[in-house]
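Contents: one structure, followed by commentary.
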Amino acid sequence: MKYTPGKIEKKWQKFWSLKKVYHSKNFSKKPKKYILVEFPYPSGAGLHTGHLRSYVAADVTSRFLRAQGNEVMFPLGWDAFGLPAENYAIKMGVQPEVSTKQNIKNFKKQINSLGLSFDWSREVNTTDPNYYKWTQWIFLQFFKKGLAYEAESLINWCPKDKTGLANEEVVDGKCERCGTVVEKKEMRQWYLRITKYAQKLIDGLQSLDWPEAVKLQQENWIGRSEGAEIEFPVVNPRVKKFIILHGRASTPDNNFYPWLKKELEKRGFKVEVPQMPGIPEPDDEEQANYVQSNYDLDEGTVIVGHSMGGVVALRLLERGIKVHGVVLVATPATGKFLDGKPRHSVTKAVQKGFDYGKIKKQSDYFRVISDSTDSVVPHEDGKILADNLGAYCKIVAANSPHFNGEKEPLLLDELLPNIKVFTTRPETIFGATYVVLAPESPYVQSRMKKSDNKNEIEQYVEDTKKKNEIIRLATDKEKTGVELKGLKVINPATKEEIPVWIADYVLPQYGTGAIMAVPSHDLRDEQFAKKYQLPIRMVVNEKGKLQNSGEFSGLDFEVAKKKITEKFGNSKVTYKLRDWVFSRQRYWGEPIPLIHCPDCGTVPVPEKELPVKLPKVKKYEPTGTGESPLAAIDSWVNVKCPKCGSSAKRETNTMPQWAGSSWYFLRYADPKNKKQFANLKSLKYWLPIDIYFGGMEHTTLHLLYSRFWNQFLFDQGLVPMSEPYKRRQPHGIILGEDGEKMSKSRGNVANPDAIIKQYGADTLRMFELFLGPHEQTISWNEKGVVGVYRFLQRSWYLVSDNVSSKNKDSEKVLFEIARVIKRVEEAVREMKFNTAVSSFMEFINAVSGESISKETLKKFAITLAPFAPHIAEEFWKMLSGKGSVTTQPWPTFDPKKLESQISSYVIQVNGKFRGNLAIARGSSEEDVKEEASKIETVRNAIGALKVKKIVFVPERLINFVV
RNA sequence: GCCGGUGUGGCGGAACUGGCAUACGCGCACGACUCAAAAUCGUGUGAGGUUACCCUCAUGUGGGUUCAACUCCCACCACCGGCACCA
């Protein structure tokens, strides 16, 4: 009988499917194992050898664990949303829905042709509305907890894919998918606040059984660094005095006034807080009179007017008083109040109006600060004032509504402009000889116009915008920058006035977007300082002791770091991780379930209306304008606000491909649930995942994102564990035969179908494992396939030649079968599948020609089944075993059979191999020594020399030292 | 630059806890079967010296520890992967 894989494999695949042998039960009494492989996106190209790496390994593991008596869940599904699927549909000129369905069908066929033991009863598909309903639902939980937010900012934009990208999707300044150089684009985008979980994501790694390399890579990506934030006050010699005008019913002793006075005085300014007349219902003119006649206001004065005090400040200027600056804090402009209570004096004062034309000329600058949480004065009033005064209006969240807190630190920032820097080396502050701002820094924007070299700065900022990420981030590039002339800051340690520069080597999104430059102890600062001839001062010597550092000189740098941080700043931890850009301007993704209402703002779609289904459209190509194709579908976009019922519009951006894959492993536990994404009881039974097989390339993408989602869901009490993946098993990349990455354009993509056709799935499976260690990168080389095929063929003859015999096992066979079971068991546990295959081959080589029993052949079939399940089933049938080989318990072996009665000793002289000795097990050192000494080669090696010492390792080795 | 990893025959690779380096497979050579070929089976296959037996040298390089090192320690080299003007 010949081995014909083509015939037997189809048959058994059908059998497994019909008998549902791989379906796993919830709440079985057996111990559970959850084995997971990364679910594929069903591309048009079909399954490739890269997929096989983890699928086959995970399949072997699953089958092995089943045989060992576990309830094993080994599911698969489809990650079918996203750019590749959409691009493929565009290319084929069909709807993504259609091509996706087709591709899934094809994939499934290929997967089944490999005999993989997936539990198809748990299949999920991210594009199925019953699935993405829950993706949307989870998104809304993020939204409700303030972890999904909308912001306008510079993001990475891929001009080819015509969509925004997350930071993780940009590799070397290029789009991770298509390799196009990304651009920076100012866009409104949805973000997930993954940065809030930065620390948790680092901490969680500790307890996981993951390869160190993977943990490290995630840790580096999150990029925690400890340092300090230090403020460098801006020099403004013209300001001598502050006068704080309190609000309508206040006194100088309440609100933030005493605190602010103290803070300003600490910095050497004169501060006055007049006790205004006429409270609680004052007259603005009367108060202005009082201030005018009792206090000196001049061009060195800054007036801080809080609420009604702001109105008085404007009145003073209207009268012709000149001051240096005016800061209006929560100052009313319309006379309307949010709480509806009347404040007649204020309304009366405001409604008289102001002569803004005149007022504007009386102060060098105006600044308006409103509180977004104000419960009295609408913050829109601030905008009105700012417009009229031509000033910059800042809307912030005050410590206490209407700035009624005892401390309002944001005010201090406004009154005393300073540049806040982040540094990991605060101990070098005495060497900070200049400060550098990122060109994108908002401070540069507001300061630029006043600068002495305005044009030069504007030009530099413009130039920076035009540079793409690659050029900007090239480290070998010569540093460039311009000085912000007319601006100086004070080094808080040395009290020196130092210059402020703008340079693109400082990045806007890290730290505070500003640095203190210490050219003596930072290479980049040094390059910059040398080019622009800025001073360089050594402050730490080679032995790590401070010098030229005032009272800190002589201290060890570690000690100084602590002390200096305490004295001049605050310790601060920053992360490189950035918030996750979560919207895409493409069609084929989950619609973001939000509605924009002109009155109510952004309103979530009510839960019972989920899923927000992706509408069917004719044109789904990207628009390129930064808007999703969905925006063009009026009938879908226009809806009623769920809160107030007025006309509103749907959010038209879709989610990135990473959304559906961020929680799919939870759905497998309870895939058909209509009321929840999965019930807690099922999750408790199955999770966490025992082994997660997948690629290294997902370490800082899917693996990080899904841990974040899971941790969030855990915090909401929706999942039972904070970490989903107990053990991670990455695999090496399979390169093409030419040693290059497999790609269609190179034409080096290996097609598994051809091998299956020629040699069968069992050969392909075992060959794939035999190629090399699972974690290692390997080149696909089909030459070796034949070796595995020969092995299966020899196994076939071994079994078929012995089925009808009544042989007994020879001693050798008993030893070999025990050995192979043991070795395979160990190999699977340690994921050394290549050596498992070797063990099988050695077994076949060793027992050919031996007398072998049916019992032993059955054991062999069960052991082989995880690797080559089809042929193993056939063996099982031939050997008249009952049922399926896949449901047989793992064979046991007698460990005593492994201990031969004869020990083979290695004989060494001076550590060099000189011969072997076969001697009865348990022989004494004396006996071994005597027998060994008789061997000629050993005698020759010892010769006339004297044996000084004998090293004896029982049952293994004897070494004569001469 | 920083952080990981890997270096073993012609090739893919194995070697437990320091104990016969090169298992297993490919390839190659020779032989058997055959009219012949393929397939299959058998034998051999690290390098050099020696026609035998045997000796010497070999696990990226140089050193060290040890009776004994692919394995442990130190220094260096090469390649692969990740991060990277991250203050």
Side-chain angles (χ1 to χ4, degrees), chain A residues 171-172 211-221 223-225 227-228 421-426 428 432 436 438 472-477 479 503-507 509-518 521-525 527-528 574-578 696-697 699-700 732-733 766-767 770-773 775-791 793-794 797 823 826 830 832 834-845 848 904-916 936-937 940 948-953 956-962:
Chain A
V171 178
D172 291 334
E212 274 316 301
V214 177
K215 287 194 196 179
L216 272 167
Q217 214 174 302
Q218 279 208 356
E219 231 177 281
N220 291 342
W221 184 262
R224 180 191 159 100
S225 48
V421 305
F422 174 73
T423 177
T424 52
R425 300 203 56 195
T428 62
V436 191
R472 164 92 184 252
L473 295 182
T475 40
D476 50 355
K477 184 191 74 171
K479 303 225 172 338
D504 66 2
Y505 81 90
V506 174
L507 305 173
Q509 64 293 70
Y510 186 74
T512 59
I515 60 156
M516 63 175 207
V518 185
H521 300 286
D522 183 281
L523 196 65
R524 295 151 303 178
D525 296 341
Q527 288 168 2
F528 193 80
T574 54
Y575 302 90
K576 285 190 222 171
L577 187 71
R578 295 181 219 165
M696 270 312 261
E697 70 275 18
T699 300
T700 54
I733 312 165
M766 288 192 93
F767 171 63
F770 192 52
L771 268 174
E775 305 95 303
Q776 208 168 293
T777 305
I778 43 169
S779 297
W780 184 254
N781 184 351
E782 267 170 43
K783 275 185 188 153
V785 177
V786 66
V788 174
Y789 181 71
R790 280 176 192 150
F791 155 74
Q793 210 170 27
R794 293 179 65 186
Y797 289 122
R823 287 173 77 189
E826 281 168 1
E830 291 163 29
K832 291 164 139 186
N834 54 330
T835 64
V837 177
S838 298
S839 304
F840 282 119
M841 291 171 167
E842 283 178 63
F843 172 77
I844 288 293
N845 291 346
S848 66
S904 174
Y905 273 85
V906 167
I907 305 160
Q908 294 181 341
V909 177
N910 276 354
K912 261 183 193 150
F913 171 74
R914 293 295 166 185
N916 283 323
E936 199 189 333
T937 50
N940 289 344
K948 270 202 298 196
K949 187 179 159 188
I950 290 173
V951 181
F952 181 73
V953 184
R956 291 182 99 146
L957 170 134
I958 185 160
N959 186 10
F960 298 90
V961 184
V962 298

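Within every chain, numbering begins at 1; the chains are lettered A, B, ... in the order of the sequence lines, protein sequences first and strands thereafter.
The same atom, P, is picked in B:rA32 and in B:rG46; the two are 24 Å apart, to the nearest Å. Nucleotides B:rA37 and B:rC28 place their P atoms 16 Å apart, quoted to the nearest Å. A gap of 22 Å separates the P atoms of B:rG62 and B:rG12, to the nearest Å. Here, B:rC74 and B:rG27 have their P atoms 43 Å apart, quoted to the whole Å. Taking atom P on both nucleotides, B:rG19 is separated from B:rC72 by 11 Å, rounded to a whole Å. The gap from the C1' atom of B:rA38 to that of B:rC20 amounts to 40 Å, rounded to the nearest Å. The separation of B:rG1 from B:rC76, taken at their P atoms, amounts to 13 Å, rounded to a whole angstrom. Remark: the separation of the P atoms in B:rG44 and B:rU56 is 24 Å, to the nearest Å.
Note on A:S225: only backbone sugar-phosphate atoms sit closer than 4.0 angstrom, heavy atoms only; bases stay farther off.
By the salt bridge (charged side-chain N to carboxylate O under 4.0 Å, His left out) test, A:R224 is found to be paired with A:E226, residues two or more places apart in sequence or in another chain being considered. Taking A:K832 as the reference, A:E830 meet the salt bridge (charged side-chain N to carboxylate O under 4.0 Å, His left out) condition, with sequence neighbours excluded. Take A:W780 and apply the ring pair (Phe, Tyr, Trp, His ring centres under 6.0 Å) test, not counting sequence neighbours, and it matches A:F767. When the salt bridge (charged side-chain N to carboxylate O under 4.0 Å, His left out) test is applied to A:E826, the partners found at least two apart in sequence or on another chain are A:K822. Every residue two or more places apart in sequence or in another chain that forms a ring pair (Phe, Tyr, Trp, His ring centres under 6.0 Å) with A:F952 is listed here: A:Y905. Residues satisfying the side-chain contact (heavy atoms from CB on, under 4.5 Å) criterion with A:R823, sequence neighbours excluded, are A:R819, A:S839, A:E842. Every residue two or more places apart in sequence or in another chain was checked for a salt bridge (charged side-chain N to carboxylate O under 4.0 Å, His left out) with A:R914, and none qualifies. The ring pair (Phe, Tyr, Trp, His ring centres under 6.0 Å) check on A:F791 picks up nothing, with sequence neighbours excluded.
Heavy-atom distances to RNA chain B give each of A:G511 and A:V171 a nearest nucleotide, and the one nearer the 5′ end belongs to A:V171.
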Scan nucleotides 40-49 of chain B against the protein and return all N/O pairs shorter than 3.5 Å with their distances rounded to 0.1 Å.
residue: B:rU40; atom: OP1; partner: A:R790; partner atom: NE; Å: 3.3

Distances under 3.5 Å between nitrogen or oxygen atoms of protein and nucleotides 13-17 of chain B:
residue: B:rG13; atom: OP1; partner: A:Q776; partner atom: NE2; Å: 3.1
residue: B:rG13; atom: O3'; partner: A:N834; partner atom: ND2; Å: 3.4
residue: B:rA14; atom: OP1; partner: A:N834; partner atom: ND2; Å: 3.0

Would you tabulate the nitrogen or oxygen pairs shorter than 3.5 Å linking the protein to nucleotides 64-69 of chain B?
residue: B:rC67; atom: O2; partner: A:N959; partner atom: ND2; Å: 2.3

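Note: A:N845 CG to A:R794 CZ = 4.5 Å, rounded to the nearest 0.5 Å. The structure places OG1 of A:T700 at 7.5 Å from CD of A:Q218, a figure rounded to the nearest 0.5 Å.
Note on A:Y505: every side-chain N or O is 4.0 Å or more away from OP1 and OP2 of B:rA87.
Closest to the side chain of A:N845, out of B:rA84, B:rC24, B:rG19, is B:rC24. In the set B:rA87, B:rC24, B:rC3, the nucleotide with an atom closest to the side chain of A:N220 is B:rC3.
Checked against A:V786 for a side chain to side chain contact (heavy atoms under 4.5 Å, CB included), the options A:R790, A:E782, A:K783 give a single hit: A:R790.
Annotated as anti: B:rG31, whose O4'-C1'-N torsion sits more than 90° from 0.
Counting only heavy atoms from C-beta outward, the side chains of A:I515 and A:D525 approach each other to under 4.5 Å. Taking the side chain as every heavy atom from C-beta outward, A:E775 and A:P211 never approach each other to under 4.5 Å. Annotation: side chain of A:M841 is in contact with side chain of A:F770 (closest heavy-atom distance under 4.5 Å).
Here the C1' atom of nucleotide B:rC83 and the CG atom of A:L507 are 14 Å apart, to the nearest Å. A:D525 places its CG atom 12 Å from the P atom of B:rA87, with the value rounded to the nearest Å. A straight line from CD of A:Q509 to C1' of B:rA87 spans 13 Å, rounded to a whole angstrom. Rounded to an integer number of Å, the gap from NZ of A:K576 to P of B:rC85 is 8 Å. A straight line from CZ of A:F791 to P of B:rA23 spans 18 Å, rounded to a whole angstrom. Protein atom CG of A:D522 is 12 Å distant from nucleotide atom C1' of B:rG1, rounded to whole Å. In this structure, CZ of A:F913 is placed 13 Å from P of B:rU56, rounded to the nearest angstrom. One interatomic measurement links the two molecules: NZ of A:K783 to C1' of B:rC11, which rounds to 8 Å at whole-angstrom precision.
Between A:F422 and A:Y510, the angle of the ring planes goes over 60°, which puts this pair in the perpendicular group of the 30/60° scheme.
Consecutive Watson-Crick or G-U pairs involving RNA chain B, each under 3.5 Å on both distances, make up stems of three or more pairs at B:1-7 with B:77-83, B:10-12 with B:24-26, B:27-32 with B:40-45, B:46-49 with B:54-57, B:60-64 with B:72-76.
The two residues A:K479 and A:Q527 come nearest to each other via the heavy atoms NZ-OE1, 2.9 Å.
Side-chain to base pairing of A:K479 with B:rC85: one donor and one acceptor N or O lie within less than 3.5 Å of each other.
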